[in-house]
Amino acid sequence: MDEFALKVLAWYRRHGRHDLPWQVRDPYVRWLAEVMLQQTTVTAVIPYFQRFLTAFPSVRALAEASQDAVLAHWAGLGYYARARNLHAAARVLTEHYGNGFPRTAEAWAALPGVGPSTAAAIVAFAFGVPAPILDANVRRVLSRYHAVGGRDARALRTLWAHARDHTPAHEAAAYTQAIMDLGALVCRKTPDCAACPVAAGCAFEGEDAPVTRRPRPERAVFMAVIRDPDRGVLLVRRPSHGVWGGLWSLPESVEQHDLPAVVAALGLEGRMGAPCAPIHHAFTHFRLSITPIPVEGVSRGLGVAECHDVMWYKGGGLGPGMPAPIRRLLNQFLEVP
DNA sequence: ATCCAGGTAC
DNA sequence: GTACCTGGAT
Ligand code: SF4
């Protein structure tokens, strides 16, 4: 076996993570966990993983669920295309694989929301297939160990080749977790090289390739908080593509003076209250300022009936799937009416 | 307020 | 290349 892999495996037995809740063989569990772990840290994932798995304990249960139920259990975790893709992929799996699963990384990667690293991690963990991964942790380790500069396509190809060369034919599951843990626990942004099992062969010179950060433009929206003593707060479903796709949110407009028309289009009449203090929310690619505007005295009996894209929410329970800042905002409004 | 952690789809 | 999220640390 590759010397590098031997050392990483030996380190992992003593210092790696062995009790994460998804460390089982079940392909469904590993798939769910790997998708949740995309762009998301372990501590953020754990509570969502457990709730989600309780609600949808099998591929079939997930496939038979509504998208609303799936999004409700994903709400707050972010990157909601993951939930929509997971749901769609569950339906593909039940249709094409029955109660079975793909056995190759290529077949997994053909499913929506499963890219090369996720696919490789799934087959390595569930079936012991020696498929290389290159997530952020592995990439950091290998780019330093082999002194691969740059973040361009050529550097990426080189790193994939190194990942493939290091991945052992046996113990692929343990090695995959081991190299991820090494990146997460030792070869962090500021590496702890004194604790690293492969320091002797490492070519790291102390400088990573620079990351380019784009400036984040500002956007602003106004959101109507339409309250009714009996029915709660009115929510509308967001379009299935774009930010917060498919989640429930508040009626909104880009211009404040357009908000009454948005409310009127829902068949409602009420007084526009004074705007509340804006909420600031940062996305990867822009910053959003949300100004809530309470709408009071909505006439009883008026308003569109609840339908596929409009609902009243009284609070309590899991509730509909809402973006994190909207959830926080509503918690305030529903606590202090 | 700003930085930081983290893959896939188009 | 650009779109897509959140919570925690500083
Ligand atoms: S020696 Fe340091 S830089 Fe090299 S792989 Fe280990 S932790 Fe990373």
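Residue numbers begin at 1 in each chain, while the letters A, B, ... track the order of the sequences. No experiment lies behind these values; they were computed from the predicted model shown.
Rounded to whole Å, the distance from CZ on Arg188(A) to C1' on dA9(C) is 14 Å. Nucleotide dG1(C) holds its C1' atom 16 Å from the CZ atom of Arg151(A), rounded to whole Å. As rounded to whole Å, 13 Å separates atom P of dG6(B) from atom CZ of Arg213(A). Computed from coordinates, the Leu156(A) CG to dG1(C) P distance equals 12 Å when rounded to whole Å. Straight-line distance from the NZ atom of Lys189(A) to the P atom of dT2(B): 18 Å, rounded to whole Å. A straight line from CG of Asp152(A) to C1' of dG1(C) spans 14 Å, rounded to a whole angstrom.
Aromatic ring centroids of Phe283(A) and Phe286(A) lie under 6.0 Å apart. When ring centroids are compared, Trp244(A) and Tyr80(A) stay outside the 6.0 Å threshold. In summary, the aromatic rings of Trp74(A) and Tyr48(A) are positioned with their centroids too far apart to meet the 6.0 Å limit. Aromatic rings of Tyr12(A) and Tyr175(A) (six-membered ring for Trp) have centroids beyond the 6.0 Å cut-off, not under it.
Side-chain polar atoms of Arg140(A) and Asn137(A) form a donor-acceptor pair below 3.5 angstrom. Of the N and O atoms on the side chains of Glu335(A) and Asn331(A), not one donor lies less than 3.5 Å from an acceptor on the other residue. In this model, no donor atom of one side chain and acceptor atom of the other lie less than 3.5 Å apart for Gln256(A) and Thr291(A).
Along DNA chain B, the nucleotide nearest Pro112(A) and the nucleotide nearest Val211(A) are compared for position; the residue whose nucleotide lies closer to the 5' end is Val211(A).
Within residues 121-138 of chain A, the residues approached by DNA chain B to less than 4.0 Å at the level of any non-hydrogen atom are Asp135(A), Ala136(A), Asn137(A), in residue-number order.
Contact annotation for Val114(A): backbone-only contact, meaning every heavy-atom pair under 4.0 Å involves sugar-phosphate atoms and none involves a base. Counting non-hydrogen atoms under 4.0 angstrom, Thr43(A) reaches nothing in the nucleic acid.
For Thr40(A), the side-chain hydrogen bond (donor to acceptor under 3.5 Å, both in side chains) partners two or more places apart in sequence, or in a different chain, are Arg82(A).
Nearest to the side chain of Arg287(A), among dG7(B), dT2(B), dC4(B), sits dT2(B).
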With B for base contact, S for sugar-phosphate-only contact and - for none (protein heavy atoms under 4.0 Å), nucleotides 2-7 of chain C reads SSBBBS

